[in-house]
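Contents: one structure, followed by commentary.
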Amino acid sequence: MVLPPERGAVDDVEYVVVHGYRRAYRLRGSGPPLLLLHGMACDSSTWFPVMDQLAQHFTVIAPDLLGHGESDKPNADYSLGGFANGMRDLLTILGIDKVTVAGHSFGGGVAMQFAYQFPERTERVVLVSSGGLGPEVTPLIRALTLPGAGLGIRLATARPWRSAVRGSMRALSHVPVARDLDEVARIYEGLADPTTSLAIRRLTRTVLDWNGQFVTMADRAYLTRLMPLLVVWGRNDHVIPVAHAQRLPLMENSHVHVFEDSGHFPHKDHPDEFAELVVDFCRIQAPAQYHRGKWRALLRRGDQAGLASVSLPAEESPSAVS
């Protein structure tokens, strides 16, 4: 792997320019590459509770997605496909060919899109309280797609009461049922920046409307047959319901783990257990080996009902030698 092109002066943030836009990322550890993708309106710091533990086993790459954190916030493509392309280009610049990709919330949708677009570069997928598995999502996020949302955000984050609202959220986060409000407070503060607010509103409109998420992986879920998959959720997730954890077909190479006493950020609520879960998953599940014939056969059968019970021919089965 090549050395990072440029090292940032603040914290351990590093930067690289891709297609004219500055992309921020954090790079830690050594070993097999693990790409960590944060959720909407968050940034790579959301992984701080588990980053050091994971860096003991992996080369951890945690970017700030375009429009988030220290990355640029241009008037650009904020679609799932655009984010997946951006991750491919960042990894290419860093000299990384294949990764295990883990995504939280909206980042889970990006992780699935990355695996779908670039199966030859994806070894495993870890979905954490992931978007893209069904329409249901909290009304607070759906409201970002409504006309006048920009004005509403400006009023809600106005300076006279911003500090009081932020402080109240953080105080309430000590109550177990409201534990996610600590992260929500950080998101709330970030939305006070007009460029961040605009980027987030553009992003939400590419995947959902007032009725919920309209872009999901439901029609392509059968492709998980060829990709080791770990799904992690919090039992008390009030952003995306835990029922979504069962929306993907479960194969012998997939596993679902639901943390009790956890909300939308299980990697924050149970950092040690989460890191151990990811390490064990990657140790037990061998990386996917891309084979064009296997993907072609599966794509041809993809619209058939009851696909989960259909076996591939021996010469094209996932266990066959390429």
Side-chain angles (χ1 to χ4, degrees), residues 4-6 8 10 13-27 35-47 61-96 99 101-118 121-122 130-132 137 140-154 157 186-210 213-217:
E6 182 181 346
V10 179
V13 179
E14 306 181 29
Y15 302 97
V16 64
V17 175
V18 183
H19 308 311
Y21 302 128
R22 188 179 77 162
R23 314 293 182 109
Y25 65 98
R26 291 177 164 93
L27 185 66
L35 179 65
L36 301 179
L37 304 178
H38 62 78
M40 181 182 68
C42 295
D43 58 41
S44 55
S45 67
T46 193
W47 297 107
I61 311 102
D64 288 353
L65 296 175
L66 197 68
H68 297 73
E70 297 298 318
S71 290
D72 282 346
K73 302 169 181 64
N75 182 14
D77 181 6
Y78 290 108
S79 66
L80 285 173
F83 281 117
N85 289 339
M87 293 303 97
R88 174 205 57 192
D89 296 340
L90 173 63
L91 293 173
T92 298
I93 290 173
L94 296 178
I96 299 172
V99 295
V101 55
H104 171 249
S105 197
F106 177 78
V110 178
M112 286 187 283
Q113 186 70 26
F114 181 89
Y116 170 62
Q117 290 182 200
F118 311 113
R121 303 190 71 157
T122 309
S130 178
V137 66
L140 288 176
I141 294 179
R142 286 185 277 137
L144 294 175
T145 67
L146 295 176
L151 176 59
I153 290 173
R154 287 197 297 275
T157 59
R186 295 179 67 243
I187 293 171
Y188 166 81
E189 189 171 18
L191 288 175
D193 172 38
T195 59
T196 297
S197 172
L198 179 59
I200 298 308
R201 285 183 284 120
R202 288 185 184 277
L203 181 159
T204 56
R205 291 171 184 151
T206 68
V207 292
L208 56 90
D209 55 25
W210 176 247
Q213 299 179 87
F214 57 79
V215 176
T216 76
M217 289 294 292

Exercise for the section: Apply side-chain contact (heavy atoms from CB on, under 4.5 Å) to the pair I200 and H68, showing each step before the final yes or no. Expected result: CA-CA 8 Å; I200 298 308; H68 297 73; 3.3 Å; yes
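The OG atom of S197 lies 11.0 Å from the CZ atom of R202; values are rounded to the nearest 0.5 Å. Atom CE of residue M40 and atom CD1 of residue I187 lie 7.0 Å apart, to the nearest 0.5 angstrom. One finds the CG atom of L198 at 10.0 Å from the CG atom of D193 (value rounded to the nearest 0.5 Å). Note that CG of D77 and OG1 of T206 are 8.0 Å apart. Values are rounded to the nearest 0.5 Å. Distance check: H38 NE2 to S45 OG gives 8.5 Å after rounding to the nearest 0.5 Å. Taking OG1 of T196 as the start and CD of E189 as the end, the distance is 11.0 Å to the nearest 0.5 Å.
The side-chain heavy atoms of R23 and I93, taken from C-beta on, include no pair separated by under 4.5 Å. Counting only heavy atoms from C-beta outward, the side chains of D72 and R22 approach each other to under 4.5 Å. Looking at heavy atoms from C-beta onward, R121 lies out of side-chain contact with V99 at the 4.5 angstrom threshold. The shortest distance between side-chain heavy atoms of L144 and L203 does not fall below 4.5 Å. At a threshold of 4.5 Å between non-hydrogen side-chain atoms, the residues R26 and L36 do not count as touching. Side-chain contact check for L37 versus F114: every heavy-atom pair is 4.5 Å or farther apart.
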Pairs of donor and acceptor atoms involving the side chains of residues 83-90, under 3.5 Å and at least two apart or interchain, shall be tabulated with distances.
{"unit_1": "N85", "atom_1": "OD1", "unit_2": "Q117", "atom_2": "NE2", "d": "3.0"}
{"unit_1": "N85", "atom_1": "ND2", "unit_2": "G81", "atom_2": "O", "d": "3.3"}
{"unit_1": "D89", "atom_1": "OD2", "unit_2": "H19", "atom_2": "NE2", "d": "2.7"}

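Looking at residues two or more places apart in sequence or on another chain, you find a salt bridge (Lys or Arg N to Asp or Glu O under 4.0 Å) between R186 and D43, E183.
Other residues, nucleotides and ligands place no more than 12 heavy atoms under 6.0 Å from the OH atom of Y116.
When all heavy atoms of A24 and V13 are compared, the closest pair comes out as CB-CG1, 3.7 Å. Closest approach of A111 and A102 over heavy atoms only: CB-C, 4.4 Å. Contact record, T157 with L191: OG1-O, 4.2 Å, taken as the closest heavy-atom pair. The two atoms that bring A62 and S44 nearest to each other are O-CB, 3.2 Å, heavy atoms only. In this structure, L27 and Y25 approach most closely via the heavy-atom pair CB-CE1, 4.1 Å.
Without hydrogens or angle criteria, R142 side chain to L208 main chain gives no donor-acceptor distance under 3.5 Å.
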